[in-house]
Amino acid sequence: MKKYKETYIIGIDHGYGNMKTANCCFQTGVTIYDKEPIFKDNLLVWNNKYYLIGAEHKEFSADKMLDEDYYVLTLAAIARELNIAKIYSADILIAAGLPLTWVSEQREEFKRYLLKNETIDFNFKGKDYHIRIVGADVYPQGFAAIVNHLSDFSGINMLCDIGNGTMNIMFINDKKPNPHRCFTEKFGTHQCMLPIRENLMKLYIVGGGGCMIRNFAEYNESRITVNDDICATAKGYERMLEMKLIKNGGAL
């Protein structure tokens, strides 16, 4: 979480398996109750409904806006970040992301989804929150995790963001992303590694799948960098939104 003037920027990586912020990670499961459930760990109460958060993973869906689950998960992510700083009332700017090749098509709809309620009062884990969501911006997944390290990407490089539901692949040539060589794939780590091995120049891997590559794949450590900080993308979203606000004098 970053503070810009009187507003808090919270980066949220809406994963298929896990929700990530700059400081937190929790499973995407959401179970809805009309009455207060017996077990109250990670209970979010909003709009006269009870939501148990993180009991399991959500099923994969290319459209994260089909129901209110990711909206409720967004509230839980905001609450977790605010609670670290012992803040329970705040104006919030959401910095979020979508898979590389889906950003152009889904960005505006996802922003409307995140901004559909300006003022929200809810309770999470026994604490009351009053927030005002004053804006949101959406960035490409994967790229956000390296935005502060582009100076390291001389020559031809491949960025691979490995998640539970998708893999985002981007070529970066001489410190600049190549918009014509961006791919979002709906398959697992093993299938991704096969073409990478065949075409490998220098590979930079981010996301939760990085630990799988580190522990189970055979690779040349001098040619591959693994960043297994599962919160790296959320931190990048915050940084990208912060830079945009500074450049635009506070305007989105």
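All residue numbers refer to positions in the sequence shown, counting from 1.
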For side chain to side chain contact (heavy atoms under 4.5 Å, CB included), just list the numbers for L73 and I53, CA-CA rounded to whole Å, side-chain angles, deciding distance to a tenth of an Å, and then say yes or no.
CA-CA 7 Å; L73 290 165; I53 305 295; 3.8 Å; yes

Under the salt bridge (Lys or Arg N to Asp or Glu O under 4.0 Å) criterion, do K116 and E68 qualify, and how do the steps go?
CA-CA 11 Å; K116 60 184 175 181; E68 288 202 322; 3.4 Å; yes

Assess whether side chain to side chain contact (heavy atoms under 4.5 Å, CB included) is satisfied between I12 and L114, documenting all intermediate values.
CA-CA 11 Å; I12 305 174; L114 296 172; over 6 Å; no

Run the numbers on T184 and W102 for side chain to side chain contact (heavy atoms under 4.5 Å, CB included), then give the verdict.
CA-CA 8 Å; T184 296; W102 302 353; 3.9 Å; yes

Going through the checks in order, is the side chain to side chain contact (heavy atoms under 4.5 Å, CB included) test met by H130 and F122?
CA-CA 7 Å; H130 173 79; F122 65 99; over 6 Å; no

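Nearest heavy atoms, V72 versus L44: O-CD1, 3.9 Å. Shortest non-hydrogen contact noted between C160 and I169 is SG-CG1, 4.2 Å. Taking all atoms of both residues into account, the shortest heavy-atom contact from T7 to V134 is CG2-CG2, 3.9 Å. When every heavy atom of L241 is checked against every heavy atom of I94, the shortest pair comes out as CD2-O, 3.9 Å. In plain terms, the two heavy atoms of K175 and L150 that are nearest each other are CG-O, 3.3 Å. Closest non-hydrogen pair, L245 versus Y4, comes out as O-OH, 3.4 Å.
A donor-acceptor distance shorter than 3.5 angstrom exists from the side chain of E238 to the backbone of M1, with no hydrogens or angles considered. Remark: the backbone N or O of G142 is paired with a side-chain donor or acceptor of D161 at under 3.5 angstrom. Listed for the D67 side chain is a donor-acceptor partner under 3.5 Å among the backbone atoms of D69. The main-chain N or O of N23 is found under 3.5 Å from a side-chain atom of E81 such that the two form a donor-acceptor pair. With hydrogens and angles disregarded, no donor-acceptor distance shorter than 3.5 Å links the side chain of T101 to the backbone of F183.
R80 and N42 share a side-chain donor-acceptor pair at under 3.5 Å. Using modelled atom types and a 3.5 Å distance limit, the side chains of Y237 and D137 yield no donor-acceptor pair. With hydrogens and angles left out, the side-chain atoms of Q27 and N18 include no donor and acceptor closer than 3.5 Å.
Here the rule is side chain to side chain contact (heavy atoms under 4.5 Å, CB included) with N168, and of T233, L100, V103, L98 only L100 fits it. For the pairing with R132, the side chain to side chain donor-acceptor pair (under 3.5 Å) check across T119, N117, D91 returns one residue only, D91.
Follow the hydrophobic side-chain contacts under 4.5 Å out from Y129 and you never reach I84; the two are in separate clusters. M65 is connected to I120 through a chain of hydrophobic side-chain contacts under 4.5 Å among Ile, Leu, Val, Met, Phe, Trp and Tyr, so both are in one cluster. In terms of hydrophobic clustering, with Ile, Leu, Val, Met, Phe, Trp and Tyr side chains grouped at heavy-atom distances under 4.5 Å, L43 and Y88 are assigned to different clusters. Under a hydrophobic clustering in which Ile, Leu, Val, Met, Phe, Trp and Tyr are joined whenever their side-chain heavy atoms come within less than 4.5 Å, directly or via other members, V45 and F39 fall into different clusters.
The distance from the SG atom of C24 to the CG atom of N83 is 8.5 Å, given to the nearest 0.5 Å. The line from CG of L252 to NZ of K244 is 6.0 Å long, rounded to the nearest 0.5 Å. Once rounded to the nearest 0.5 Å, the distance linking CD1 of I131 with CG of L75 reads 5.5 Å. For the atom pair OH of Y139 and CE of M240, the computed distance is 6.0 Å after rounding to the nearest 0.5 Å. Atom CZ of residue F26 and atom OG1 of residue T21 lie 7.5 Å apart, to the nearest 0.5 angstrom. Between atom CG of residue L82 and atom CD1 of residue I87 there is a gap of 6.0 Å, rounded to the nearest 0.5 Å.
Residues passing the ring-ring contact (aromatic ring centres under 6.0 Å, His included) test with Y71, sequence neighbours excluded: W46.
Salt-bridge annotation for R112 and E108: absent, with no side-chain N of the basic residue lying under 4.0 Å from a carboxylate O of the acidic one. The pair K247-E242 does not count as a salt bridge, with every side-chain nitrogen at least 4.0 angstrom from each carboxylate oxygen.
M158 is not listed as a side-chain neighbour of M170, based on a closest heavy-atom distance of 4.5 Å or more. In this structure, the side chains of Y51 and Y33 stay at 4.5 Å or more apart for every pair of heavy atoms.
Few gaps surround CG on N248; more than 12 heavy atoms of other groups in view lie less than 6.0 Å from it.
Centroid-to-centroid, the aromatic rings of F110 and H14 come within less than 6.0 Å.
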